[in-house]
Amino acid sequence: MREIQRKWRKRWEESGIFEADPDPSREKFYITVAYPYPNSPQHIGHGRTYGLADAYARFKRMRGYNVLLPMAFHYTGTPILAMARRLKEGDQELRELFVRIYKIPEEKVDELTDPLKLARYFHEEIKEGMKLMGYSIDWRREFTTIDPAYNRFITWQFYKLKERGYLTKGRHPVGWCPRCDNAVGQHDTKGDVEPEIGETTAIKFRLADEDLILPVITFRPETVFGVTNLWIRPFYRYKVIRVGEERWVVSELAVTKLKFQGFKVEVVDEIEGRELVGKRAINPVTGDRVIVLPAEFVDPDYGTGVVMSVPAHAPYDYLALVDLKRDPSRLEDFGLGRGVVEELEPISIIKVEGFSDYPAKDVVEKLGVKDQNDPLAEKATEEVYSKEYHSGVMKENTGQFAEMPVSKAKEEVRKYIIEKGLGFNFYEIVNSPVYCRCGAKIVVKIVEDQWFIDYSNPEWKRMAHEALNNMRIIPEELREEFREAIDWMKEKACARKSGLGTRLPFDPNWIIESLSDSTIYMAYYTLSKFINQGKVKPEQFTNEVFDYIFLGKGDPDKLPVEREVLEELRREFLYWYPLDSRHSGRDLIWNHLTFFIFNHVAIFPRELWPRQIVVNGSVTMEGKKMSKSFGNIIPIRVAVDQFGADPIRLSVLGSAEIQSDADFSVQVASNTLSKLMKMYELSLKYGKSRGEVSPKRFWDRWILSRVRGHVEAVTRAMEECRTRESINHALYMFINDLDEYMSAVEADPAVMWKVLEVWARLIAPFAPFTAEEVWEKIGGEGFVSVAKWPEPEELPSYPDDEVAYEVVEGVIEDVRNVLSTGVKGSKLYVYVASPWKYELFNKVEEVKEKVGLDPRKLIPEVMKEDMFRSRGKEVANIVRQYSTGGWPWLKSADLEQRYLEELRTYMEKKLGMEVKIEKEDSATYDPKGRAKRALPGRPAIYIEA
RNA sequence: GCGGGGGUGGCCGAGCCAGGUCAAAGGCGGCGGACUCAAGAUCCGCUCCCUUAGGGGUGCGUGGGUUCAAAUCCCACCCCCCGCACCA
């Protein structure tokens, strides 16, 4: 197998059969797959999308299209940087992964601390894997997204977007590491945690007797009406800061947060939390005086380090209050009497169906939460929140918000607070603490001047919908999801300060991020060939040149590219565009694929909008999700070495239809291999037996007819990328039939040759190596990869023979059924039904066109004829049986009898009994009177010892 | 919550759009047999319950409905998975 793979890889490469150039005489088909991100090797999971695209490309190619399938590499972004850095920092876990799972030599790993080397390394690794898998890619068009020419292309794209008013600038919150002074994404955090940013409302509580403000933050501004007290950490030094004319008390980290969120703050003093304990603060919304109480659970790193307490509706606050009531002695340390606590009672402000006035209390009791440190408290909080949010209504003690549903009040109260200057917007890391790899806690920074692509633009959305409506989506079920995705799109931050990629031309501090520089690159493949061939220099790609190539604008004589080359570029682009099929994984619907639609409609004219999107599910490994932690990721190179490219291709594409997850299993792969080997061996045996196919025997006709059926089925299925069904027919069912043929009868060499000749072509999109080898062995011309796709018409059709086979199989099954009851016998009598029953069946077939299969209508209709009416009851019974849907049957008793005779020895062999064919009407032997049970397609049987 | 997709036999999974040959493809697992000294691989048969001459019952998340006929169509309910971004 390895030898075969090597051989054909080499021949394909040398012959250049997958290199596609414009050819106006042929219809083109342009397919692209999402290019890989080279920060890890390719594994079996990638074989899904690439394998499908390749099989589809090969199929289309064989159907006569001039097919282009190019490939490039996506270097843009930060993960490559982050990974190289981790390696440099000596991350053992990562090193282990590289060495043990990715099988990278130890000494090589050290070199990969350089991000570019890392990218290049995996780039080559992935490319090698693609070649090993036999993908029919035109490598002349390869590029990376940091190539100067590509950068120019992206630059042009962004000029276009700006020109059309699709770029905007604004404020935007991001996760930020104060120590590294940089934006932090998931891959920059310890444990790869995505920092989730939430918008909270900060509410300013002013001390009653002092000019100090305690700001508190909350996700539930509407609960401000239920505040009973504030919590402060007693033994912690807070900062006193000046903000405008006001003096605020906040924790140290909060000072940083406020700065990053655009506040001008100045630290003027410090104050110990306990100094504030016992003081009264004014609830700015209600005007209530609430007491400041000490609580160790207050985390100074969360929010402002001061929190408001709403015991009626927040389980944590309720629990804290209960604890304090249970043991008020702690308060004495702060010079507070017990009375202070005793007078604190939860204030109910929300009514919820099925709960008392104090939902927090209800849920805490229901779940049996012990105290504030009980992990169940989190769950309780979620439950209360969700219940109140969705079905809660504000009570009459909430002033203008009374009777408002909580979900609405939340927004209204928040607006009110901000408009009246009683508080402000504050962003917080929801899942804090999240740590940067450097160890610092991540905060939220409001980035000013952030660039956005404005996908919220209604006119743009309308065009995107239009494009979608004219596009074929495979599988069709996902169209709805695309619709949603388009509607849901809003401004997308499209640039960041670090990472690899292209700089924003009009604001070079920014680098275009990776999802935004990969939306229309399919157009660029039509040009990259010329760059790689040296026909054009990157510097020659000016905006005006692109305008001409892609949009046909401008004066071609005034451009820095020779007229001839320029026209060639334009022709090349116009030949391949529009894109015929875009392939990618399911996870990219909500970003890449939708951006792909948006950007195409933004930049290109209607006639160049993409025609089709194909989306596939992922791959599991022996039924389990692939993940680093399971250690079940097999790099492609390792897998190919172990199982062979064809078996991997077949088992991944054959195990699931497009929308669901495929599974890779070692067992299936090795079964597949042995099936392929079997066909290969047959090609050795029958490779030279080409001859005229003149099927005289039943089995010859049958196998040819069946093969024809498989050709039809695979062709139909592949047009819709249904690889599972295709492979089922092209491999499993095909071989089953062939086995049946060969075991039933001595194979006819000419028939075998023909069957193999068709098979090699049928399997070529899925198992190209084996197909080429078989093709060669049978003396096929050229490469099977570019041979003509088989047409059903190449094979004869024998529907009667196929029906006869099913009838006989039915008989065999019935006999086995009877034998399983303990009956023993060595002779089988098979009785063919009387001719009048065939006439009855014919009649029913005819009548059912008019009245359907309803027996109540069928029977009277049939009874109109005397010959049936005279057999009244029997006919009624038969019709009733048949009206359950019917079964395959041959058109006449003679025909059925002839077939049964022809297949008599087959039945004898299968059943190990002597078989006699009799007629119902003239049975020579029928001791038990079975013959009368015979029906067309269901001969009666009798077994005798 | 909103949006999308689903619930099928021991498990995975087809079938559902176009209702009838659906006790329901295929695979895995299990059982039995052939081959083998043996194991593995391979091949053959069985694998819901009852019955034992090709029969019957139950059955495709739950409950209703439409129909001569429902895994498939309609309604309601329950449950599960995925997405909700600035990140590849």
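Because the structure is a prediction, the values reported are computed rather than measured. Proteins come first, then strands; the chains are lettered A, B, ... in the order of their sequence lines, and each starts at number 1.
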Give A:Ile941 one of three labels, base, sugar-phosphate or nothing, depending on what nucleic acid heavy atoms sit under 4.0 Å from its own.
-> base
Report the C-alpha separation of A:Tyr942 and A:Glu918 in whole Å, then their side-chain angles, then the decisive distance to 0.1 Å, and conclude whether the side-chain hydrogen bond (donor to acceptor under 3.5 Å, both in side chains) test is met.
-> CA-CA 11 Å; A:Tyr942 173 64; A:Glu918 299 268 3; over 6 Å; no
Take atom P in B:rC81 and the same atom in B:rG29, then report the distance between them in whole Å.
-> 28 Å
Taking the side chain of A:Arg930 as heavy atoms from C-beta outward, which of B:rA53, B:rG4, B:rC86 is closest to it?
-> B:rA53
From the options B:rC86, B:rA14, B:rG3, select the nucleotide whose nearest atom is closest to the side chain of A:Glu484.
-> B:rG3
Just checking A:Arg938: base, sugar-phosphate only, or nothing, at a heavy-atom cut-off of under 4.0 Å?
-> nothing
Taking a pair to mean Watson-Crick or G-U wobble geometry with both distances below 3.5 Å, B:rG83 pairs with B:rC2
Should A:Glu476 and A:Arg479 count as an ion pair when the cut-off is N to O under 4.0 Å?
-> yes
Which is true for A:Leu515 with a 4.0 Å heavy-atom rule: it touches a base, it touches only sugar-phosphate, or it touches nothing?
-> base
Looking only at side chains, do A:Ser651 and A:Thr672 share a donor and an acceptor under 3.5 Å apart?
-> no
Nearest to the side chain of A:Phe595 - B:rG26, B:rG54, B:rA85?
-> B:rA85
With a distance cut-off below 6.0 Å to the six-membered ring centre and an angular limit of 45° from the axis, does A:Arg930 pair with A:Tyr829 as a cation-pi contact?
-> no
Taking a pair to mean Watson-Crick or G-U wobble geometry with both distances below 3.5 Å, B:rC73 pairs with B:rG65
For B:rA88, take OP1 and OP2 only and decide whether either is under 4.0 Å from a side-chain N or O of A:Thr76.
-> no
Contact nearer the 5' end of RNA chain B, comparing A:Ser655 with A:Tyr942 = A:Ser655
To the nearest Å, give me how far apart CD (A:Glu513) and P (B:rA85) are.
-> 15 Å
Looking for any heavy atom pair under 4.0 Å, which part of the strands does A:Ala940 touch: base, sugar-phosphate only, or nothing?
-> base
Considering Watson-Crick and G-U wobble pairs with both distances under 3.5 Å, what does B:rG59 pair with?
-> none
In whole angstrom, what separates A:Tyr427's OH from B:rA85's P?
-> 13 Å
Using 4.0 Å as the upper bound for N to carboxylate O, is an ion pair formed by A:Glu480 and A:Arg483?
-> yes
Between B:rG7 and B:rA71, how far is it from one P atom to the other, in whole Å?
-> 15 Å
B:rG27, B:rA53, B:rC87: which one has an atom nearest the side-chain heavy atoms of A:Val668?
-> B:rG27
5' precedence on RNA chain B between A:Ser883 and A:Tyr455 (nearest-nucleotide basis) = A:Ser883
Expressed as a whole number of Å, how far does the P atom of B:rC43 sit from that of B:rG27?
-> 10 Å
Listed nucleotide nearest any side-chain atom of A:Glu477, set B:rG54, B:rU21, B:rG6 | B:rG6
May I ask you to say what A:Ile943 touches in the nucleic acid, namely base, sugar-phosphate or nothing, with a heavy-atom cut-off under 4.0 Å?
-> base
Across the strands shown, which category fits A:His172 at heavy-atom distances under 4.0 angstrom: base, sugar-phosphate, nothing?
-> base
With rounding to whole Å, what would you report as the distance between B:rA24 and B:rC82 at their C1' atoms?
-> 29 Å
When A:Lys910, A:Arg706, A:Lys909 are each screened for salt bridge (charged side-chain N to carboxylate O under 4.0 Å, His left out) with A:Glu740, the one that passes is A:Lys910
Can you tell me how far C1' in B:rA23 sits from the matching atom in B:rU58, rounded to whole Å?
-> 10 Å
Measure from the side chain of A:Lys492, starting at C-beta and using heavy atoms only, and say which of B:rU21, B:rC87, B:rG54 lies closest.
-> B:rC87
Which value, in whole Å, describes the distance between the C1' atoms of nucleotides B:rC22 and B:rG15?
-> 9 Å
What is the distance from CG of A:Asp661 to C1' of B:rG5, rounded to the nearest Å?
-> 12 Å
Contact class for A:Gln659 vs. all strands (heavy atom < 4.0 Å): base, sugar-phosphate, or nothing?
-> nothing
From CH2 of A:Trp488 across to C1' of B:rG83 the rounded distance in Å is 8 Å
Rounding to a whole Å, what distance do you find between A:Asp854:CG and B:rC68:P?
-> 7 Å
Atom pair distance, as rounded to whole Å: CD1 in A:Ile197 and P in B:rC86 | 6 Å
For B:rG19, the Watson-Crick or wobble partner whose two distances fall under 3.5 Å | none
Carboxylate-amine/guanidinium proximity below 4.0 Å for A:Glu481 and A:Arg586 | yes
Taking the side chain of A:Asn591 as its heavy atoms from C-beta onward, which of B:rG45, B:rA88, B:rG54 lies nearest to it?
-> B:rA88
Using the C1' atom on both, measure B:rU51 against B:rG65 and round to a whole Å.
-> 34 Å
Do A:Lys916 and A:Tyr925 touch side chain to side chain, with heavy atoms closer than 4.5 Å?
-> no
Using a strict cut-off of less than 4.0 Å between a Lys/Arg side-chain nitrogen and an Asp/Glu carboxylate oxygen, indicate whether A:Glu719 and A:Arg716 qualify as a salt bridge.
-> no
If pairing means Watson-Crick or G-U wobble with both distances under 3.5 Å, then the partner of B:rG29 is B:rU47
Scan A:Asn671 against the nucleic acid and name what it touches under 4.0 Å (heavy atoms): base, sugar-phosphate only, or nothing.
-> sugar-phosphate
A:Ile429 CD1 to B:rC87 P: how many Å, rounded?
-> 11 Å
Under the 3.5 Å rule, do the base of B:rG54 and the side chain of A:Asn817 count as making a donor-acceptor pair?
-> no
Distance between the P atoms of B:rG61 and B:rG10, in whole angstroms?
-> 13 Å
Quickly work out the A:Lys910 NZ to B:rC44 C1' distance and round it to whole Å.
-> 9 Å
For A:Pro939, answer base if it contacts any base atom (sugar-phosphate contacts may also be present), sugar-phosphate if it contacts only those atoms, and nothing otherwise; contact means non-hydrogen atoms under 4.0 Å.
-> base
Of the candidates B:rG54, B:rG83, B:rG4, the side chain of A:Glu481 sits closest to B:rG4
Quick one: is B:rA14 close enough that its OP1 or OP2 comes under 4.0 Å of any side-chain N or O from A:Arg722?
-> no
